[in-house]
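Read through the structure below, which is laid out as structure tokens, and then see the notes.
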Amino acid sequence: MQKLAKVDEMNAVLEELSSQHLKGKVRALRLSLMSLLTGGHILLEDIPGLGKTTMALAFASALGLSFGRVQCTSDLLPSDITGLSVFDRTEGRFNFIKGPIFNNIVLIDEINRAMPKTQSALLEAMEERRVTVEGVTYRLPEPFLVLATQNPVEQVGTYPLPESQMDRFLIRTGIGYPPEEIEKGILRQGSIRDEIMHIPALVRIDDLVTAIASVKAVYVGEKVTDYVYAIIRATRNHPLIQAGLSTRGGIGLVDAAKAAAFLHGRDFVAPEDVRDVVHAVCPHRLIFRPEHEGVDKEHVLNAILKEIPLPLT
Amino acid sequence: MVRIDLLLSGLTACIALIGYLPLQGYLDPFARFFFPAALSLAVYLQVKGRALPPRVLTPASILLFFYLAAQFSLSQLVPVASDLLVVFLGVRLLGERVGRNYLQAFALSLFCLAASSLYEISAIFLVYLFSLLLLVAVALVLLTFHVQDPTAVLPGREAKKVLTVAALIPVASLPLLLFLFFFLPRTQYPIWNFLNAPAGKKTGLSDTVQPGSAPAVSEVKGVVLRAITPKVPEQKLYWRAVVLNAFKNDAWVREPVPGDAPSVMRGAAVLQEIYPERSATPYLPALNVTRSISSLRNDSAGDGVFVSRRPLDKKVRYLAESVLAENVPTKRIDRDFYLRLPERVSDRMRAEGRALSRAGRDSDQKMAALEAFFRGQRLTYANTGLPVGGDPLDSFLFDKKRGNCEYFASCYAILLRLAGVPSRLVGGYRGGTYNDVGGYYLVTEDMAHVWVEAYTDGVGWRTVDPSAWALGSVRSKPPGTLAMYLDMTGFYWDKAVVTYDLDKQLSLVRNAGNKARDLRLPPWFGTAMLLALPGLAALLLLVFWRKQRPPTVEARLLRRMLRLLAKRHPGEIKGDEGLFELSARLNDRHLTRFVTVYGPALYHDRPLTRAEVAQLEEILRAAAQDRP
């Protein structure tokens, strides 16, 4: 098996971050990196104070990427994200001031607090990877990753993302509380926000771009396609589910699986890569029947996966 | 957690119960009640954690022995022995819970079960035997634990393992047991009955009919026969057994038939395969009118009665051929013989007979008039409150007006004879419960019946059932489904086991052997067979192997690897993991090497190259030799 380009560097970043700075967040970090490598976006859904922002910051610094942050409120306007033209009296013309979205990694905090208009402007930028302001189109930097967070507990004064917009996020995941020992260590150590600002870049942007290209080249065979299709079909025919995975969902599943295979150092996708990412990629795209809304999506998904054998021959 | 001593005590109680239950019906009342009392006391003692000391039990045993042995005589050999066995079993349960006592209890239970087979062999015996074997085997294994440490306690999973293995021992020996059971010769009757007296069972049928001998007839529900035959219309269900044609002390009896010309039955025959129960009379019942009986040596009496040449004191089977006809065509009879009257006939009956003889010229008219008379009397069919005393028939016809078939048939036949029409009684059974499951009729003793045959010139004997003219004759309701299934089980037991004849089987084998010896074959046949047979066998093996074998090289290699892994990491392969996952989890170097060759080819959608196959074979060989 020939060596994949830059796979060691990527794994080294993960290793360094999860062992030195962000203990107990391996899974969220890995999923974020996978989103970045496939050009998708990630929605972190968890209560405040579990280190979502810290993670985003550290992630950006370690990869040597620029970082922008938007704190959403109900009066946030689209131009607050994209930027706007300001009249420069000395030069006598409008100058475009770029908004926070013109960064490699953009942290959108509490996305569900923004009003729908702003949300859709943001989602459009995520999808198109460009922003049009006053008739001029600006390309967003490459690589580009939106890390949105949302608090699932507080519901007052929020505009929850509709399912169609959730579909735009490749991955949705939680962070979860760190394990006991690690949390005790964090308590002893105190906040590491300052320290994080000074993490040296572990890779160059070129490396990242190369890695993204190699992820794209990861081979997806017939057997794996069949397996993915079997999962999609099962979600569509499941009695509890009203709308199963869309084609975009299926593409997302394959993309994420490619990134997982890449991180495992393989130039082809194995079925276990697909199964590895199903729980991050699929649940937020499934719409359950109204009478079954309380059902745990993960359980249903597990039951579906159990029914479909992995293609081993 | 499972306490061995509790489990052992429970099993011993069950074993003792299995010894006692089959014998229970034949025990002396003392022994019958002593055992449950002892068992209850033993349970109470077990709960309290105590036991009766030997200084109490030994004298008690001696006293009980003398009490029971006092009834001993040569004819009472087996009953006394079984009482003693059961009583000792009860005493043993009360004693201290040590290995010796347990073993004695097991042995006594086995003896009790064996003793029960002296009285009765039925299908249920096999059930008892198998349960006892199973429980004793398990209990013996537990006993080995108990002897080592009387307070032994096993955790749930271990206990389950021990019990399963112990239970497997008798289960594994079951095929051998069954083989021996079918192969070894056996008796067709319980040994004790054979030693003691001929068949105890008697059917409700007797070869004399004397109405008025008892005020009530008790209904016995014993089985008389089972007949495999297609369903027959209900009104034709008469089973003919015996014909009574003469009188002796005012009772109907059977005398040798005087020169009747043998009747020739015409019409479609109904074939029956009949399994009668043991009976004291030698008559062979079959559907009315019986034409012939085969596969059991018998004599035909000419009036449709068939008599077995040997007593029916064991279970037999025979084939009967009947014609469901109303008449028995007979050319010529001895009229005087069939017109004889009993010594005592009441005046009222004689007057009625005279009236009848005037009523018509030929038999048909007389019979019609008699039927009108019977109906006019408004007689009731009953089994209790029957007329008795000096002249029961007269009382039946004119005063009490209730009686059973014997009264109806006797009166009818006597009145016919008074009117000058030859007549005779036919004894047998009326009705039958059809077992749809087994496809056979079940005839019980309470179906015993008597009807009449009257002679008409030119026609022969005509069947008449005067009981049918009774008011409100009641039929008992058919048994439930469960009863039907139970009866069927018992029936097939008799059919397959009890009437099973080893001699016949052997002669069959011998005949087949003779036939085979006489077979002429071409000379090349042997050689050809010698060549063809191994070839055929090899072909079958090949087909089987190809069917078993995975279709592709990849699948075969993977299966070999997975089998090796299952050996190297027992219990760790669950079969729901991908290959890379598995190799990461097990950290098995052979699997890792295997997967690095196998995985890329598989998921790149290309077949393995020759070199890769060789490499994988090499890995498999290395893995097979490398014992972890």
Side-chain angles (χ1 to χ4, degrees), chain A residues 1-4 7 11 14-15 26-27 30 214-215 217-231 234 253-279 299 301-313, chain B residues 546-566 568-569 572-609 611-613 615-617 619-620 623:
Chain A
M1 206 188 320
Q2 74 270 29
K3 200 70 200 160
L4 283 164
V7 63
N11 280 323
L14 274 185
E15 175 68 31
V26 194
R27 189 179 138 76
R30 194 160 165 269
S214 3
V215 169
V218 167
Y219 182 82
V220 182
E222 218 173 283
K223 296 192 172 70
V224 176
T225 320
D226 289 347
Y227 182 63
V228 171
Y229 183 70
I231 295 175
L253 191 55
V254 173
D255 282 348
K258 278 178 169 183
F262 171 79
L263 290 179
H264 277 126
R266 277 186 249 121
D267 64 344
F268 57 90
V269 178
E272 49 260 57
D273 298 325
V274 177
R275 211 169 52 177
D276 191 16
V277 298
V278 158
H279 289 288
H299 280 179
L301 209 53
N302 273 333
I304 288 175
L305 287 179
K306 208 167 226 171
E307 290 294 302
I308 306 172
L310 294 175
L312 295 183
T313 54
Chain B
R546 288 214 63 114
K547 272 202 151 172
Q548 283 290 99
R549 195 178 128 114
T552 61
V553 187
E554 286 85 358
R556 282 201 290 277
L557 287 168
L558 180 69
R559 191 173 73 167
R560 278 171 65 193
M561 188 70 225
L562 290 178
R563 280 184 180 167
L564 277 174
L565 281 179
R568 292 170 63 84
H569 306 275
E572 287 193 55
I573 315 283
K574 287 178 208 75
D576 59 347
E577 280 174 306
L579 292 173
F580 295 99
E581 264 176 294
L582 198 63
S583 91
R585 184 167 65 86
L586 294 180
N587 202 11
D588 184 299
R589 63 197 166 89
H590 299 292
L591 179 61
T592 314
R593 279 182 63 206
F594 183 89
V595 164
T596 31
V597 179
Y598 182 84
L602 178 68
Y603 297 119
H604 271 123
D605 299 328
R606 62 175 172 79
L608 292 169
T609 62
E612 280 170 339
V613 172
Q615 202 181 346
L616 290 175
E617 298 267 12
I619 294 170
L620 285 173

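Lettering of chains follows the sequences in order, A, B, ..., and the numbering in each one begins at 1. Hydrogens, waters and symmetry mates are skipped; everything else that's a heavy atom, side chains included, is used.
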Output the distance between atom CG (D273(A)) and atom CD (E581(B)), rounded to the nearest 0.5 Å. 9.0 Å
Among L558(B), V597(B), T552(B), D605(B), who wins on heavy-atom pairs under 4.5 Å with chain A?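 So the answer, after comparing L558(B), V597(B), T552(B), D605(B), is D605(B).
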Measure from the side-chain N and O atoms of E272(A) to the backbone N and O of L579(B), and report whether any donor-acceptor pair falls under 3.5 Å. yes
Heavy-atom neighbours of E617(B) CD exceed 12 at 6.0 Å: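 For E617(B), atom CD is crowded (more than 12 foreign heavy atoms under 6.0 Å).
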What pair of heavy atoms forms the shortest contact from P311(A) to Y603(B), and how long is it?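 Closest approach of P311(A) to Y603(B): O-OH, 2.7 Å.
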Nearest atoms (heavy-atom pairs only) where L310(A) meets E577(B): CD1-C, 3.2 Å
Contact check, side chains of R266(A) and F580(B), non-hydrogen atoms, under 4.5 Å: yes
Sort out for me which of K306(A), K223(A), R275(A) touches chain B most, counting heavy-atom pairs under 4.5 Å. R275(A)
Hey, mind stepping through L602(B) and F268(A) against side-chain contact (heavy atoms from CB on, under 4.5 Å) and telling me if it holds? CA-CA 10 Å; L602(B) 178 68; F268(A) 57 90; over 6 Å; no
